[in-house]
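Data block below; observations after.
The basis for the numbers below is simple: all heavy atoms, side chains too, and nothing from hydrogens, waters or symmetry mates.
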Amino acid sequence: MHWFDRATGVEIDDDRIVIDSVAPLPEDISKIMRGLDRFYREAEHRRAEEPNWVPAENYFHLSKDQIRAYSFIHDFYPAHPLSPQ
């Protein structure tokens, strides 16, 4: 578990970990990112259960919408930094 200073975004026990932004994403981008999170967690769990599991070719290939979401957050979060309270 990680604990962060709400004003600075810096983790309490490890100042190398910093939250840059907490701005909410538009719903369509948020939905895509939640889907990616679920997909990668499922792959991680599968690999934990089957250490020799090798995903099929193009298993991690991104769709056009997933690429669009990554491109969006690349610009969005730097434009919406965490502001001190």
Side-chain angles (χ1 to χ4, degrees):
M1 183 176 301
H2 299 273
W3 295 95
F4 294 89
D5 181 297
R6 288 179 180 225
T8 65
V10 176
E11 185 180 15
I12 303 297
D13 296 326
D14 184 350
D15 63 359
R16 295 174 298 156
I17 301 173
V18 179
I19 295 172
D20 297 310
S21 177
V22 294
L25 293 169
E27 185 56 35
D28 64 326
I29 301 297
S30 179
K31 183 177 178 181
I32 294 166
M33 296 308 293
R34 287 190 310 267
L36 281 165
D37 180 60
R38 188 172 39 257
F39 176 74
Y40 289 124
R41 274 188 286 121
E42 288 170 358
E44 185 178 337
H45 290 208
R46 183 164 180 189
R47 180 160 289 145
E49 292 173 359
E50 302 174 42
N52 296 326
W53 175 69
V54 177
E57 186 176 341
N58 293 329
Y59 183 81
F60 292 107
H61 179 78
L62 297 175
S63 71
K64 288 182 180 181
D65 274 345
Q66 292 166 334
I67 293 169
R68 179 175 64 86
Y70 274 126
S71 294
F72 180 88
I73 66 171
H74 176 268
D75 296 328
F76 181 79
Y77 282 124
H80 298 87
L82 182 66
S83 56
Q85 297 177 358

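Residues Phe4 and Ile17 meet the side-chain proximity criterion, which asks for heavy atoms closer than 4.5 Å. Within the 4.5 Å cutoff, the side chain of Phe72 has no heavy atoms near those of the Ile32 side chain.
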Worksheet entry | Candidate pair Leu62 and Tyr70, rule side-chain contact (heavy atoms from CB on, under 4.5 Å), full reasoning | CA-CA 10 Å; Leu62 297 175; Tyr70 274 126; 3.9 Å; yes
Worksheet item: Checking side-chain contact (heavy atoms from CB on, under 4.5 Å) for the pair Arg38/Arg41: CA distance, chi angles, key distance, verdict?
Response: CA-CA 5 Å; Arg38 188 172 39 257; Arg41 274 188 286 121; 4.1 Å; yes
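Salt bridge status for Arg46 with Glu50: present, with a side-chain N to carboxylate O gap under 4.0 Å. Arg68 and Asp65 are joined by a salt bridge, as a carboxylate oxygen and a charged side-chain nitrogen come within less than 4.0 angstrom of each other. A salt bridge is defined here as a Lys NZ or Arg NE, NH1 or NH2 lying under 4.0 Å from an Asp or Glu carboxylate O, and Glu27 with Arg34 meets this definition.
Side chain of Ser71 to backbone of Ile67: a donor-acceptor contact under 3.5 angstrom is found.
Asp14 CG to Glu11 CD: the interatomic distance, rounded to the nearest 0.5 Å, is 5.0 Å.
Across all non-hydrogen atoms, the minimal contact from Ala48 to Pro51 is O-CD, 4.2 Å. Contact record, His61 with Gln66: O-OE1, 4.0 Å, taken as the closest heavy-atom pair. Considering all non-hydrogen atoms of both residues, Pro78 and Ile73 come closest at CD-O, 3.9 Å. Here the closest non-hydrogen pair linking Val22 and Ile19 is CG1-CG2, 3.8 Å. Between Trp53 and Ala43, the shortest heavy-atom distance links the atoms CZ3-O, 3.8 Å.
In this structure, His45 places its NE2 atom where more than 12 heavy-atom neighbours from other residues, nucleotides or ligands lie under 6.0 Å away.
Ring planes of Phe39 and Phe60: perpendicular class, angle over 60° (limits at 30 and 60°).
Remark: aromatic rings of His80 and Phe76 are close, center separation under 6.0 Å.
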